[in-house]
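Everything on this sheet refers to the single structure shown next.
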Amino acid sequence: MATFYLAFNPCSFFSVSHQKRLSSNSIQCCQDTSGQPRPRVTHEPPDDWLTSFPEKKPIISSSTVLPPRPRRIILVRHGESEGNVNETVYTQVADPKIKLTEKGMAQAEECGKNIRKMIERDYVDDWKVYFYVSPYRRTLETLRCLARAFTRQRIAGWREEPRLREQDFGNFQDREKMRIEKATRVLYGRFFYRFPNGESAADVYDRITGFRETLRADIDIGRFQPPGERNPNMNLVIVSHGLTLRVFLMRWYKWTVEQFERLNNLGNGDMIVMEKGYGGRYSLLMHHTEEELRNFGLTEEMLIDQEWQKIAKPGELNYDCLNTGPSFFTHFKDEDKEM
């Protein structure tokens with residue numbers, strides 16, 4: 001068996017003869033093995049010393065021309081599952097293993113066809129799709145059914161992403177206890193209430209924040225683009241779960257907890273589309289009507305921000321945003337009266 005030795009500090013590395021044993025007190029830190037003072041050696045790091053650490057290298061340099069952003073980010077909720085039809089399934093089958101019903105498979109296929117029709121209305125020849133999917137069985141089955149609408153040449157790739165999984169409700173679920181827990185959640189607040197041995201929506205927010213950063217990095221470096229290509233007609237499709245997708249939108253658009261709790265769940269096999277606007281940011285109003293978004297739960301303030309998203313550029317801030325701007329502070333009203 002080979003033996004490996006690890007020197008934690010190369011400057012203090014020394015070898016000792018096998019015939020000579022040294023006690024822990026026989027060598028001082030600044031002496032060699034014979035007790036003589038060891039000369040002090042200093043090394044000035046070169047100017048480019050950070051380049052030896054890959055994690056210190058920026059992924060995107062200031063001179064890098066970024067690849068084109070995807071035309072759309074399409075959020076899809078899985079088709080109808082056995083758990084959606086009969087909640088007692090959760091008492092016998094682990095949540096990640098619950099499968100789609102026949103109706104759910106048909107919903108997923110129809111969703112795929114709708115996505116293809118939407119993309120084809122762009123009237124471009126080089127469009128492609130790339131998928132991110134939750135590892136749960138019902139979302140993987142949704143993706144397989146949905147993808148039947150696309151030929152091999154149109155699919156740029158796919159990635160299983162555990163951070164897109166469903167909110168954890170606590171392993172096998174007791175139906176009566178879950179009914180009580182969900183009623184308690186309404187009283188406590190849908191965002192902060194944590195199920196015993198499970199997650200709250202706030203917990204989901206934390207992991208979705210990590211996924212969002214991964215997604216932004218993928219977009220910035222064009223990870224889903226084939227080598228040598230810079231296709232502006234890429235469409236990202238995220239296949240996940242109702243609450244997870246609402247939290248994703250909350251995180252992306254910086255919606256408040258109160259605004260999140262107003263949102264309605266997407267139907268099984270339904271989608272909501274974030275489409276690139278005129279300045280390069282993603283807006284829900286590029287595809288959806290105001291009425292559709294109101295039915296989803298967006299307030300007037302949120303719709304005004306979506307109008308701004310249509311024309312804004314990446315990196316710009318909406319200083320007049322009614323969600324996060326000065327309108328939150330009520331004491332300005334007194335100042336206005338004095339003026």
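Just so it is clear, the values below take in all heavy atoms, side chains as well, and ignore hydrogens, waters and symmetry mates. Predicted model, so just to flag it, every value in this text is computed and none were measured.
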Pairwise distance CG(L143) to OG(S240) - rounded to 0.5 angstrom: 12.0 Å
Minimal non-hydrogen separation, N84 against G79, with atom names: OD1-O, 4.0 Å
From CA spacing to verdict: side chain to side chain contact (heavy atoms under 4.5 Å, CB included), M274, Y253: CA-CA 11 Å; M274 304 162 59; Y253 291 116; 3.8 Å; yes
4.5 Å side-chain heavy-atom contact, Y132 and V239: no
pair L140-E160: side-chain heavy atoms closer than 4.5 Å: yes
Close side-chain approach of H288 and I272, heavy atoms under 4.5 Å: yes
R163/D206 under salt bridge (Lys or Arg N to Asp or Glu O under 4.0 Å): CA gap, chis, key distance, verdict: CA-CA 10 Å; R163 288 172 292 184; D206 291 341; over 6 Å; no
V257 and Q259, any side-chain heavy atoms less than 4.5 Å apart: no
Verify same cluster id: M286, I219 (apolar side-chain graph, 4.5 Å): no
T101/E82 under side chain to side chain donor-acceptor pair (under 3.5 Å): CA gap, chis, key distance, verdict: CA-CA 6 Å; T101 63; E82 292 180 337; over 6 Å; no
Side-chain heavy-atom pair W255, L298 within 4.5 angstrom cut-off: yes
Joint hydrophobic cluster, V237 plus V133, side-chain heavy atoms closer than 4.5 Å: yes
Least distance between heavy atoms, R138 atom then S81 atom: CD-CB, 3.7 Å
Sidechain N-carboxylate O distance under 4.0 Å for R116, E120: yes
Mutual orientation of the aromatic rings belonging to F150 and W127 [parallel < 30°, tilted 30-60°, perpendicular > 60°]: perpendicular
Reported CZ-to-CG distance for the pair R77 and L245, which is rounded to 0.5 angstrom: 9.0 Å
Min side-chain heavy-atom separation E80-E102 under 4.5 Å: no
Criterion side chain to side chain contact (heavy atoms under 4.5 Å, CB included) on L164 and T139, from CA distance to verdict: CA-CA 10 Å; L164 290 173; T139 43; over 6 Å; no
Heavy atoms from other residues, nucleotides or ligands near NZ of K310 exceed 12 (cutoff 6.0 Å): yes
L303 side, atom CG; L284 side, atom CG - distance, nearest 0.5 Å: 9.0 Å
Whether over 12 other heavy atoms sit under 6.0 Å from E258 CD: no
Joint cluster assignment, I208 & F192, ILVMFWY side-chain distance < 4.5 Å: yes
R246 and M250: CA distance, side-chain angles, deciding distance, side chain to side chain contact (heavy atoms under 4.5 Å, CB included) verdict: CA-CA 6 Å; R246 299 199 305 277; M250 175 192 183; over 6 Å; no
Heavy-atom closest pair, residues N264 and G297: ND2-N, 4.1 Å
Test salt bridge (Lys or Arg N to Asp or Glu O under 4.0 Å) applied to R137 and E141, step by step: CA-CA 6 Å; R137 179 173 178 175; E141 289 180 345; 2.9 Å; yes
Aromatic ring pairing F211/F248, orientation class (parallel under 30°, perpendicular over 60°, tilted between): tilted
Side-chain heavy atoms of N231 within contact of Q225, under 4.5 Å: yes
Side-chain heavy-atom pair Y282, E275 within 4.5 angstrom cut-off: no
Short N-O contact, K254 and D305, less than 4.0 angstrom: no
Closest contact, heavy atoms only, C145 versus A108: CB-CB, 3.6 Å
Joint cluster assignment, I74 & W158, ILVMFWY side-chain distance < 4.5 Å: yes
Reported CG-to-CD1 distance for the pair N114 and I119, which is rounded to 0.5 angstrom: 11.0 Å
Backbone of H78 reached by a side-chain donor or acceptor of N268 within 3.5 Å: yes
Closest approach of P67 to D220 (non-hydrogen atoms, all atoms of both residues): CD-O, 2.9 Å
Pair E261 + R190: basic N to acidic O under 4.0 Å: no
Full working for salt bridge (Lys or Arg N to Asp or Glu O under 4.0 Å) between D95 and R165: CA-CA 10 Å; D95 196 4; R165 67 187 183 275; over 6 Å; no
Expected output: side-chain S283 to main-chain Q306 donor-acceptor under 3.5 Å: yes
Donor-acceptor pair, side chain of R281 and main chain of E316, under 3.5 angstrom: yes
Donor-acceptor pair, side chain of K113 and main chain of A149, under 3.5 angstrom: no
Y136 and K97: CA distance, side-chain angles, deciding distance, side chain to side chain contact (heavy atoms under 4.5 Å, CB included) verdict: CA-CA 6 Å; Y136 279 32; K97 298 180 179 179; over 6 Å; no
Check: S200 main-chain N/O paired with D203 side-chain donor or acceptor under 3.5 Å: yes
Output field: ring centroids F191/Y193 closer than 6.0 Å: no
Salt-bridge contact E290-R294 (side-chain N to carboxylate O under 4.0 Å): yes
Path from M118 to F131 over hydrophobic side-chain contacts below 4.5 Å: yes
Considering all heavy atoms, the nearest P314-G279 contact: CD-O, 3.4 Å
Distance (rounded to the nearest 0.5 Å) between L146 CG and Q107 CD: 12.0 Å
Criterion side chain to side chain donor-acceptor pair (under 3.5 Å) on N235 and R72, from CA distance to verdict: CA-CA 5 Å; N235 297 269; R72 297 179 184 87; 2.9 Å; yes
Gap separating the CG atom of L285 from the CD1 atom of I304, nearest 0.5 angstrom: 11.0 Å
CZ (R230) with more than 12 external heavy atoms under 6.0 Å: yes
Identified salt bridge (Lys or Arg N to Asp or Glu O under 4.0 Å) counterpart of R207 within the set E166, E161, E199: E199
